[in-house]
Number of protein chains: 2
Amino acid sequence: MAEDPSQFFSVEETETLGTESTVEPLQLGKRVKDIRLSHNLTLEEASKRTGLARSTLSKIENEQISPTFTAVQKLAKGLNIDIPQLFSSPKESRTAGRRDITRKNEGKPHPTPTYEHEMLAAQLSNKKILPYKTTVRARNFSEYPSWVRHDGEEFMLVLKGSVILHTEFYEPVEMFEGDSTYYDGGMGHALVSTSEEDAEVLWVTSS
Amino acid sequence: MAEDPSQFFSVEETETLGTESTVEPLQLGKRVKDIRLSHNLTLEEASKRTGLARSTLSKIENEQISPTFTAVQKLAKGLNIDIPQLFSSPKESRTAGRRDITRKNEGKPHPTPTYEHEMLAAQLSNKKILPYKTTVRARNFSEYPSWVRHDGEEFMLVLKGSVILHTEFYEPVEMFEGDSTYYDGGMGHALVSTSEEDAEVLWVTSS
DNA sequence: AACAAAAATTTCCTATTGGAAACTTTTGTG
DNA sequence: CACAAAAGTTTCCAATAGGAAATTTTTGTT
């Protein structure tokens, strides 16, 4: 959309970085071992699946060597794990063990010319899912300067009224209460209200 | 929840795996180079930041060597990129450039004893966000055998009726139409309808 | 507890990575 | 377009990863 919630809120902090490379632990070996064991595989079996030697696997698990990227790829493929997941931080999500309830109309407001965004679960940071309840004021596609593309994926559900969904590469579609859509955030997109009153939608973007 | 959508649908295909590891391209070198250039760094500067030799960086960028994991860590730290992102697949999300619209009550149904799940955007696989419209039939927490913990995070919005949200570590809370919640999927959780009719919620889980 | 079988680790060797310096290419300035 | 400076690549060697087989440890059975 020309105005996407995630464009307006600086919701998630960015990681700070030192200029010198003290490489953190990130127990790759331990993780690999846990995964292998959780699949109930012996080194021998894991070796067959990954194409890496038993000895190599053992050394990786015991952190005796730093596997090459090629080895990591084989590992990931053979044990059916995806690499991002394999490395994704033990600086785990701040949501761990938490819950946040947002009562109706009590989200964190953020108005823009064409939308009235209300961020839900605003107490929690570093969320994997960013939920907004949004009121669509625009009545005309021309009110949008140009649409924006951004990373991630989006889901939208019409809560009240009706809208026209404009998306790059596709024909505009009218959507009514209860209809929903899912699309690549990388495609330009925008919403226009077609109902008497302003339309309301739930907008969810992946981080 | 005792019954989580993601527990019941085998929604996303699991990657098939050959027993032999023909490792896919994944242009790591190109990516690294793009990132370096986007920061307007010369190899010399990147070398200083990462602690890797100019020559090593060059070879990595030109895919002449497969860096060790240690090297990758230094790279990531020095250039301020996070490793998951660095690797996240150019076998990119099947959502790329796509859009899927689900009309009201036309999701892919999946009934269970206590919930009536309807998966939205079921055409798209490998989604980062998994949206369900769910009818809550349970009237009593005792209908749940035991609650389940799983990876990822969840968002829930009450669409119709009212429910009690049970979550481990927290007191149960009654939620009404328009209320929403966000929580760690790793906490046990379950929903009970408290309205005359079955309650309806939108459930969204991160993949 | 003693033994055999299975699993994991270590050794030893080859292949590949990583770094210093030489070399080549590109950029930009008169 | 010649030249110098900067950027990038290649070479050569030392350090480390990866694989086959030997060795050790663990597991399970009597």
Side-chain angles (χ1 to χ4, degrees), chain A residues 17-84 86-87, chain B residues 17-84 86-87:
Chain A
L17 101 127
T19 167
E20 198 38 54
S21 308
T22 325
V23 170
E24 74 228 82
L26 185 79
Q27 308 273 66
L28 184 66
K30 187 178 175 342
R31 288 192 143 186
V32 171
K33 185 165 189 177
D34 286 348
I35 291 167
R36 175 174 64 84
L37 292 178
S38 78
H39 289 233
N40 268 100
L41 297 175
T42 64
L43 283 179
E44 178 58 33
E45 292 163 327
S47 167
K48 281 209 200 84
R49 297 198 186 202
T50 58
L52 292 168
R54 227 169 51 244
S55 55
T56 306
L57 290 172
S58 170
K59 288 178 221 166
I60 292 172
E61 291 189 352
N62 294 302
E63 324 241 305
Q64 289 176 20
I65 62 176
S66 172
T68 59
F69 179 58
T70 307
V72 172
Q73 282 185 115
K74 289 184 183 175
L75 250 179
K77 188 152 199 183
L79 299 185
N80 195 209
I81 47 189
D82 72 17
I83 299 181
L86 183 63
F87 293 127
Chain B
L17 92 129
T19 164
E20 200 36 53
S21 308
T22 323
V23 168
E24 74 227 84
L26 185 78
Q27 308 275 69
L28 183 66
K30 187 177 175 342
R31 289 191 141 183
V32 171
K33 185 165 190 176
D34 287 348
I35 290 167
R36 174 175 64 84
L37 292 178
S38 77
H39 290 231
N40 269 99
L41 298 174
T42 64
L43 283 179
E44 179 58 32
E45 293 163 326
S47 167
K48 280 207 201 87
R49 297 197 185 202
T50 58
L52 292 168
R54 219 164 64 243
S55 55
T56 306
L57 289 172
S58 171
K59 287 177 222 166
I60 291 172
E61 291 189 353
N62 294 302
E63 324 244 306
Q64 290 174 18
I65 61 175
S66 172
T68 58
F69 179 59
T70 307
V72 171
Q73 283 185 114
K74 290 184 184 171
L75 249 180
K77 188 150 200 181
L79 299 184
N80 194 211
I81 46 188
D82 73 17
I83 299 182
L86 183 62
F87 292 127

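Here is the naming used below: chain letters follow the sequence lines, and residue numbers restart at 1 for every chain.
- Under 3.5 Å, the side chain of S55(B) and the base of dG19(C) form at least one donor-acceptor pair of N or O atoms.
- Counting heavy atoms from C-beta on, the side chains of L75(A) and I35(A) never come closer than 4.5 Å.
- Remark: T68(A) is in phosphate contact with dG18(D), judged by side-chain N or O atoms under 4.0 Å from OP1 or OP2.
- Atom pair F69(A):CZ and dA17(D):C1' shows a separation of 16 Å (rounding to whole Å applied).
- Using a 4.0 Å cut-off, no side-chain N or O of R54(B) falls inside it from OP1 or OP2 of dT11(D).
- Between K74(B) atom NZ and dT16(D) atom P there is a gap of 10 Å when expressed in whole angstrom units.
- Rounded to whole Å, the distance from CG on L28(A) to C1' on dA17(D) is 14 Å.
- L52(B) comes within contact range of the sugar-phosphate backbone alone, with a heavy-atom separation under 4.0 Å but no base atom that close.
- Here Q64(A) does not reach the OP1 or OP2 of dT9(C): none of its side-chain N or O atoms lies under 4.0 Å away.
- S58(B) comes within 4.0 angstrom of a nucleotide base, judged by non-hydrogen atoms across all strands.
- Counting heavy atoms from C-beta outward, E45(B) and T42(B) have side chains that approach closer than 4.5 Å.
- Mapping P67(A) and E61(B) onto DNA chain D via the closest heavy atom, the residue that lands nearer the 5' end is E61(B).
- Per the geometry, CD1 belonging to I60(A) stands 15 Å off P belonging to dA8(C), to the nearest Å.
- Nearest heavy-atom pair across S47(B) and R54(B) is OG-N, 3.7 Å.
- For the pair E44(A) CD and dT25(D) P, the interatomic distance rounds to 20 Å; values are reported in whole Å.
- At whole-Å resolution of the value, CG in N40(B) and P in dT27(C) are 14 Å apart.
- Side-chain nitrogen and oxygen atoms of T56(A) include none within less than 4.0 Å of the OP1 or OP2 phosphate oxygen of dG18(D).
- In this structure, L43(A) reaches the bases: a heavy-atom distance under 4.0 Å links it to at least one base atom across the strands shown.
- Residue N62(A) has a polar side-chain atom (N or O) positioned under 4.0 Å from OP1 or OP2 of dT9(C).
- L57(A) has its CG atom 15 Å from the P atom of dT10(C), to the nearest Å.
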Check step by step if side-chain contact (heavy atoms from CB on, under 4.5 Å) holds for I65(B) and T56(B). CA-CA 8 Å; I65(B) 61 175; T56(B) 306; 4.1 Å; yes
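- Whole-Å rounding puts the Q73(B) CD to dG18(C) P distance at 13 Å.
- One can find a donor-acceptor pair under 3.5 Å joining the base of dG19(C) and the side-chain atoms of K59(B).
- Of all heavy-atom pairs spanning P67(A) and I60(A), the tightest one is CB-CD1, 3.8 Å.
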